[in-house]
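Shown next, in C-alpha cells, is the structure this report addresses.
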Amino acid sequence: MRGYDKVKEIFIHDERIEKEYYDFLTMDVLNRCGSSNYFLLATESWVFSHPLIKAVPLDINETLPFGVIHSKKPSEQVRKFLRIVDFVNLEYKNFQLW
C-alpha cells in the first residue's frame with residue numbers, strides 16, 4: 001500500500017484536519033462518513049459503496065495498485081473472473097474502468 005501511504009501523507013501533516021484511522025472499513029464507518037462532515041480517503045473502488053457518499057478524485061500524480069482477494073480454492077465462477085482479469089492485464093495494459 002505504498003501508493004496509498006503517499007496519498008495519505010498529503011493530509012497527515014495538515015493540523016487543520018481532524019483524523020481518525022481504521023484498520024478496516026465497516027458499514028458503521030461508511031454510515032458515519034455519509035451522515036457527517038467527514039471525508040473518507042479511499043480508492044475509486046469504493047465509489048458505489050454507500051448511497052450518501054460521493055467520490056471526488058484527487059488531482060495528484062500518484063497511482064494505487066489494485067488486487068483481487070479470493071479463497072485458495074476458488075469456485076468456477078471466481079476462476080472464470082480471474083481468467084478475465086488475466087486477459088485484461090495482458091491485452092489492455094492501460095485499461096481503466098473509470
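Basis for what follows: all heavy atoms, side chains included, without hydrogens, waters or symmetry-related copies.
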Item checked: hydrophobic_cluster_shared for Tyr22 and Ile12, side chain cutoff 4.5 Å -> no
Notebook entry, point to check: With a 4.5 Å limit on heavy-atom distance, are the side chains of Ser75 and Val78 in contact?
Noted result: yes
Next item on the list: Please identify each residue that fulfils salt bridge (Lys or Arg N to Asp or Glu O under 4.0 Å) with Glu76, with sequence neighbours left out.
Entry: Arg79, Arg83
